[in-house]
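A quick note: this is a predicted structure, and the numbers were derived from the prediction, not measured. All values below come from the heavy atoms of this structure, side chains included, with hydrogens, waters and symmetry mates left out. This chain uses plain numbering: 1 for the first residue, then up along the sequence.
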Amino acid sequence: MAGRAFMQLSAVLAFLASFLVLFVDIEAAVTVSVGPPQTVLKGNTVVLQCTYSVTPAAQVDIITWSFTSSSESREVVTMLANTQSVFGTYEGRASITEQASLRIENVGESDEGTYRCTVKVLSQGSADTKSVDLTVLVGASAPTIVSTVNSAARAGDDLTLTCRSDGGKPLPTLTWFNGSQPLETGVGEPTTNEGARQVIRDLSLSPVTRFDDQTNFVCKADQGYPDQLEVQTAEQVLDVQYPPVASISSNPNSSVKETNTLTLTCVVQSNPDPSQIRWLKVSGDSADVLQTGLTTTYVIPKINRSQNGTYRCEASNGVIPRDREADGQATVNIDVYYAPKISSSFVQPFRVDFGSSLPAVTCEAEGNPMPNLQWVQVGTGRTFNNPLSFATMTYSEEGTFTCVAAALDFPQDTVNVTIDVKGRPDIIGDRPAAQEFMEGKVAQVVCEIQADPRPNKVEWFLLDSSDNRAIITTGGPYRIMQENLPNGMKSVLKINSMKPEHSGRYVCKATNMYGEDEQYFDVTLQGSDATLVIIIVVVVLLLLLLLVGIGLMLAHKRGLLPCKGEPETGKGGRDENVTNEFSIEMADKDKSPTAPLPSRVESSQYIPTPLVAASYEARLSGASFGEPRSPVGQDKPDGKKVNSPASLEPTTEEPPVQGGYRDEDGLNNAELDLSSRKPASRRPIVDPKDTLDMDYPTLRQQTTSPYV
């Protein structure tokens, strides 16, 4: 009754507000704003946002919330003069808060729909309404996985896993995973029942293999609202029974040395575990049982070569195999290595004629791995392939040969064979052998002979120009010496003093019961000591002449020898009629007296050189740079002719210096234009800083040489 009265009162107030608006010209407006659609989990609390503004500002008289769904419409709550009235099932759960927002607690599925917020200002006769949707979520129950096989599956069977989710709103999406990897193969389409709120999805495994054993298959149910509804999962770990799958590992490995210990291990994968393991030694189509039980290892201590062969392990667990891959058997071939052993025996010794061929001598050996065979000649170290053979036998191939059998790091096995070569003598060396000896020296011609038996006769001959042989015996200049060797003999022809008549072709001839052989030796005279001495003397003389020539050239370049056309000098080393007294008149700007040069070098201390003489003559001639003078009839400063050394007279004037340098002989030197001579090295005679207050000096002649 109270609610009905409240509604009647509201209607009256609305009528009055409309009446006032008709008579009062007022522009008024109220504006309502609502929040976004809301999603809430069943049983939780939700707030539907609603705000308003009034222009001009006025008191809000009525706020109303109503509900509309596809099946019904109803009032929710109304607030008049700050008094709220809640209707129907919302009593105790709904209220207006935060200006005009609607708060609903313990939301149920029937609360899902559209809500309208209405705000009215009676004094202005204005109102506004906005709508907002509410969705109610219902969490699904945890999914379940059902298998078509009640107990453990067997490898080769077909298996289907079914994932089911119930009670969810909205219905979840079901996804299959292998561990953390999503699956696509074998996953069927989902089956849904909206009324029952149920969804189903299958995973087919056709067929199941041993690799599926202990695989964790996961079904995930996702309703699409991760902030409000967690993704739920169900897991199924498969138990797949399969027959044993076996393999064999060997230690140290499948190839083992004799006397070592071999351990074989049968590595088995099966579900359930093996109930029996057998070890067998296979020989063709038959097999001998070596061990039975649950032991996975088989040990052979100090294995020997007779235990070579194929070994097999067999494992069983009661599951009948459906293919050979899982028949529970594995084999391994054991290869036992053992040291080489030569099995050949030889009749000793082998006798071969010199020059004939040696029939193949074959060395045979057993061992694992097959040994490498080769022959080695004792004493020389030469190696030969097996079998041993020679197309032409010589005494170099005579002796002991060793057959060597080697494999891995086993000790080698050996056997010796002796080859005895019989036949005529064989003289070693080039044919003919050329030898040179110095005149007057002892000459020895060596003839080395290989023979079996040793030669019973060795002869020496000297050939003449017609190749007639003259036998040589010990006596006079010759002496023949012989020495037995292990495989023959050595004969030496000695010439006591080599002379020209001893030059020629000598023949060494050796003979035994099987035949003979001979060798030519061309003996020539190399030269005497006198000839060598002459050659040495000539070479030394040539070297001395070369050194003298080099010394003269150096002396000439350094001015130690007078040039052609220079005057003869006295004991002082220069023309005694010539003097080299000079002076330099150094006049400053105030015409101050000149300063004399240091005193000249005495003529007895002076040794002229071509370069000094040239500069000296130029200074006497008074030649300026670039002005050639005639060597005859040259005028002196005083007008006298310069025609001979006797006409040279000293003056009281001293020549000035041009260029400010002094020759290494102590004389002042002017710059010259002498194409055939170079000025000697010069050093300053005046400190450069002193020349700042000096006039440039002029060169003046004091004496004149007749050789200019």
Side chains of Thr114 and Asp133 only: does a donor on one sit below 3.5 Å from an acceptor on the other? yes
Under 3.5 Å, is there a donor-acceptor pair between the Thr394 and Glu397 side chains? yes
Between Gln49 and Ser101, a side-chain donor and acceptor under 3.5 Å: yes
Mark yes or no for whether Asn317, through its side chain, and Tyr242, through its backbone, hold a donor-acceptor pair below 3.5 Å. yes
Under 3.5 Å donor-acceptor, Gln228 side chain and Thr39 backbone: yes
Is the backbone N or O of Ile342 less than 3.5 Å from a side-chain atom of Asp413, with the two atoms forming a donor-acceptor pair by type? yes
Could you check whether any side-chain N or O of Glu112 sits under 3.5 Å from a backbone N or O of Val136, counting only pairs where one atom can act as donor and the other as acceptor? yes
Check Asp452 with Arg351, please: is the shortest side-chain N to carboxylate O separation under 4.0 Å? no
Euclidean distance, Arg278 CZ relative to Cys266 SG, rounded to 0.5 Å: 12.0 Å
Please round to the nearest 0.5 Å and tell me the distance separating atom OH of Tyr90 and atom CH2 of Trp65. 11.0 Å
Non-hydrogen side-chain atoms of Val34 and Tyr115 separated by less than 4.5 Å: no
Would you say Ser316's side chain and Gly318's backbone share a donor-acceptor pair under 3.5 angstrom? no
Testing the basics here: between Trp176 and Cys163, what is the closest heavy-atom pair and its distance to 0.1 Å? CZ2-CB, 3.5 Å
Applying side-chain contact (heavy atoms from CB on, under 4.5 Å), run through Val240 and Leu159 and close with a yes or a no. CA-CA 10 Å; Val240 179; Leu159 176 66; 6.0 Å; no
Taken to the nearest 0.5 Å, the spacing of Lys490 NZ from Cys508 SG works out to 12.5 Å
Write down the atom of Cys219, the atom of Pro143, and the distance for their closest heavy-atom approach. O-CG, 4.1 Å
Asp517 side, atom CG; Ile427 side, atom CD1 - distance, nearest 0.5 Å: 4.5 Å
Cationic tip of Lys422 within the cone over Tyr514's six-membered ring, i.e. under 6.0 Å and within 45° of the normal? no
Leu174 and its side-chain contact (heavy atoms from CB on, under 4.5 Å) partner, picked from Val199, Ile200, Thr191, Leu203: Val199
Side chain proximity check, Val336 to Ile334, heavy atoms < 4.5 angstrom: yes
Tell me if a side-chain donor or acceptor on Ser344 pairs with a main-chain N or O of Glu364 at a distance below 3.5 Å. yes
Gln223 side chain vs Gly168 backbone, donor-acceptor pair below 3.5 Å: no
Roughly how far apart are Arg201 CZ and Glu189 CD, rounded to 0.5 Å? 6.0 Å
Begin with the C-alpha distance, continue with both residues' side-chain angles, and end with the deciding distance and a verdict on side-chain contact (heavy atoms from CB on, under 4.5 Å) for Asp239 and Val237. CA-CA 7 Å; Asp239 183 15; Val237 178; over 6 Å; no
Taking atom CE of Met370 as the centre, report whether more than 12 heavy atoms of other residues, nucleotides or ligands fall under 6.0 Å from it. no
Who passes ring-ring contact (aromatic ring centres under 6.0 Å, His included) against Tyr395, sequence neighbours left out? Phe354
Is there a side-chain contact (heavy atoms from CB on, under 4.5 Å) between Leu41 and Tyr225 once you walk through the steps? CA-CA 10 Å; Leu41 183 63; Tyr225 293 91; over 6 Å; no
Test side-chain contact (heavy atoms from CB on, under 4.5 Å) on Val77 and Ser95 and set out the steps. CA-CA 7 Å; Val77 61; Ser95 63; over 6 Å; no
Lys257 NZ/CZ over Phe410 ring centroid, <6.0 Å and within 45° of normal: yes
Glu258 side chain to Arg305 main-chain N or O, any donor-acceptor pair under 3.5 Å? yes
Tell me whether Thr148 contacts the main-chain N or O of Thr160 through its side chain, where contact means a donor paired with an acceptor under 3.5 Å. yes
In terms of side-chain geometry, is the basic nitrogen of Arg197 or Glu109 positioned less than 4.0 Å from the acidic oxygen of its partner? yes
NZ of Lys42 to CG of Leu137, rounded to nearest 0.5 Å, is 12.0 Å
Presence of salt bridge, Asp166 and Arg164, under 4.0 angstrom: yes
Any side-chain heavy-atom pair of Glu398 and Asp420 under 4.5 Å: yes
Side chain to side chain contact (heavy atoms under 4.5 Å, CB included) with Asp353: which residues, sequence neighbours excluded? Ser356
Looking at Arg93 and Asn106, would you say the former's side chain and the latter's main chain have a donor-acceptor pair under 3.5 Å? yes
Any idea how Phe390 and Phe384 line up, ring-wise: parallel (<30°), tilted (30 to 60°), or perpendicular (>60°)? perpendicular
Compare all side-chain heavy atoms of Phe217 with those of Leu183 and state whether any distance is below 4.5 angstrom. yes
